[in-house]
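Note sheet for the following structure.
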Protein chains: 2
Amino acid sequence: MTQERARGRRDPDRRERIIAACLDVIAGSGVAGTSHRKVAAAAGVPLGSMTYYFSGMDELLREAFARFATSVSDEFERAMAAARTPAEARAALIALITDTVFDSHRDLVLSHELYTLAAREPAFRDLTNAWMARSRAALERHFDPATARMVDALIEGLTIHRALDTEPQDPRTVAAAVDRILGGA
Amino acid sequence: MTQERARGRRDPDRRERIIAACLDVIAGSGVAGTSHRKVAAAAGVPLGSMTYYFSGMDELLREAFARFATSVSDEFERAMAAARTPAEARAALIALITDTVFDSHRDLVLSHELYTLAAREPAFRDLTNAWMARSRAALERHFDPATARMVDALIEGLTIHRALDTEPQDPRTVAAAVDRILGGA
DNA sequence: ATGAACCTTGTACAGTCGTACACATGAGTG
DNA sequence: CACTCATGTGTACGACTGTACAAGGTTCAT
């Protein structure tokens, strides 16, 4: 598998570990509170490794969020691909909104951190674009393109409101909203 | 109007100016890049004024985002209150999504910065809660509570996708999505 | 064994940060 | 006038930042 093990690499996947640690630090302290030193400590590597493996903070953040986006994207694609009938697709969507995605606080925080960067810097917007394109493609396995876009937006909004609201989200309202969006198709 | 003009205030609304400047700095550099010095420079006040008017960075950010949230909230409420018939409400919603809200890049960036803070810190989640509660209340002038929630979420998602997507949003898709959500009411 | 090429690390530097605080300055009161 | 006190400000401090880089290790081909 992962045994390219290039030339004399003493710690072959140190780079990966740094990226993973970077996401942990971001989830805990936000992009604002993320520093080379904190990430190095979290990854268990010396500070010098930071500048060796990454040209700078920007590269580190870009790679970390790229990994995050594709991993969330993968999960979504898998869930939608598993659905075989329209009814299963509907159920998968509702489950995705009410449970899985952002079930962990971590994913919620990381998503928003990424959105925030994407809102300002084009380099990160490329990541969110790719993410959204994959989501739409996954939805188009089951729905027409226009409906796919609507569903994608609805998921986004419901998920955010679920995360940012104090009172819990009513699953029946979620199901009803999905049905209304799908119903018109 | 604003002439409380307490005791010998030499610069009566300096506090307001600092808050406004803070939002500008955040919009331009992000919360991560916002510092007392940058805000002071943007507001045209000496650094010492920062610690004089605000107990610390947290208080400054909280007040700045509180002001931002209520101002966006005000605009939304006004737009919904202006609608007299269901048809007008529908049109107002579509206009809100495709034009007004987040028309300026500034509002988009600030919203996401706030969401990001809210995702991590309860103090900021209070702001987003109040914001969402007001939005729902404004929508309930025209729609039943469940529909209001759905519409609110849909607006959120469509707005975000519009902002973070490269290809432009099709207004007809937006209108169709709104109609589907409203249609089931 | 020799050397080249890469991997790894500790430390140093210049800069920015939040915050504190002693001092100046003005307005209001008597 | 002088007295009081909130308002306003310049500067200094320690902590932390990103980044550079010289020095030391390890691996591999020769």
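On a predicted model such as this, the values are computed, not experimentally measured, just so you know. Throughout, a chain's letter reflects where its sequence line sits, starting with A, and its residues are numbered from 1. These values consider heavy atoms only, across backbone and side chains, with no hydrogens, waters or symmetry-generated copies.
Listed pair B:Tyr52 / D:dT7 meets the phosphate criterion, a side-chain N or O lying under 4.0 Å from OP1 or OP2.
The cationic atom of B:Arg15 (NZ for Lys, CZ for Arg) does not lie both less than 6.0 Å from the six-membered ring centre of B:Tyr52 and within 45° of the ring axis. Cation-pi geometry between B:Arg90 and B:Phe143 is not met: the NZ or CZ atom fails to fall both under 6.0 Å from the ring centre and inside 45° of the normal.
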Exercise for the section: Sugar-phosphate atoms are those with a prime plus P, OP1 and OP2; base atoms are the rest. Using that split, label each nucleotide of nucleotides 11-21 of chain C B, S or - for protein heavy atoms under 4.0 Å, 5' to 3'. Expected result: BB----BBB-B
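Rounded to whole angstrom, the span from the CZ atom of B:Arg15 across to the C1' atom of D:dG8 amounts to 15 Å. Rounded to a whole Å, the CZ atom of B:Arg14 is 18 Å from the P atom of D:dA6. In this structure, the CZ atom of A:Phe54 is 13 Å from the P atom of C:dC7, given to the nearest Å.
With sequence neighbours left out, A:Ala20 forms a side chain to side chain contact (heavy atoms under 4.5 Å, CB included) with no residue at all. B:Ser55 is linked by a side chain to side chain contact (heavy atoms under 4.5 Å, CB included) to B:Glu59, counting only residues two or more places apart in sequence or in another chain.
Taking the charged nitrogens against the carboxylate oxygens, B:Asp11 and B:Arg17 do have a contact shorter than 4.0 Å, which makes a salt bridge. The existence of a salt bridge linking B:Glu121 and B:Arg62 is excluded, since no basic side-chain nitrogen approaches an acidic carboxylate oxygen closer than 4.0 Å.
Side chains of B:Thr147 and A:Arg180: a donor on one and an acceptor on the other come within 3.5 Å.
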Practice task
Would you please test A:Tyr115 and A:Glu156 for side chain to side chain donor-acceptor pair (under 3.5 Å) and show each step?
Solution key: CA-CA 12 Å; A:Tyr115 289 170; A:Glu156 188 79 56; 2.6 Å; yes
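For the segment residues 22-32 of chain B, the set of residues with a heavy atom within less than 4.0 Å of an atom of DNA chain C is empty.
Between B:Ile97 atom CD1 and B:Arg162 atom CZ the span is 9.5 Å, to the nearest 0.5 Å.
At its two ends the helix from C:dA1-D:dT30 to C:dA27-D:dT4 runs along axes set 0° apart, each axis drawn from five pairs and the angle rounded to 10°.
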In residues 29-47 of chain A, what donor-acceptor pairs under 3.5 Å come from side-chain atoms, sequence neighbours left out?
| residue | atom | partner | partner atom | Å |
| --- | --- | --- | --- | --- |
| A:Thr34 | OG1 | A:Gly30 | O | 2.7 |
| A:Ser35 | OG | A:Lys38 | N | 3.2 |
| A:Lys38 | NZ | A:Gly33 | O | 2.6 |

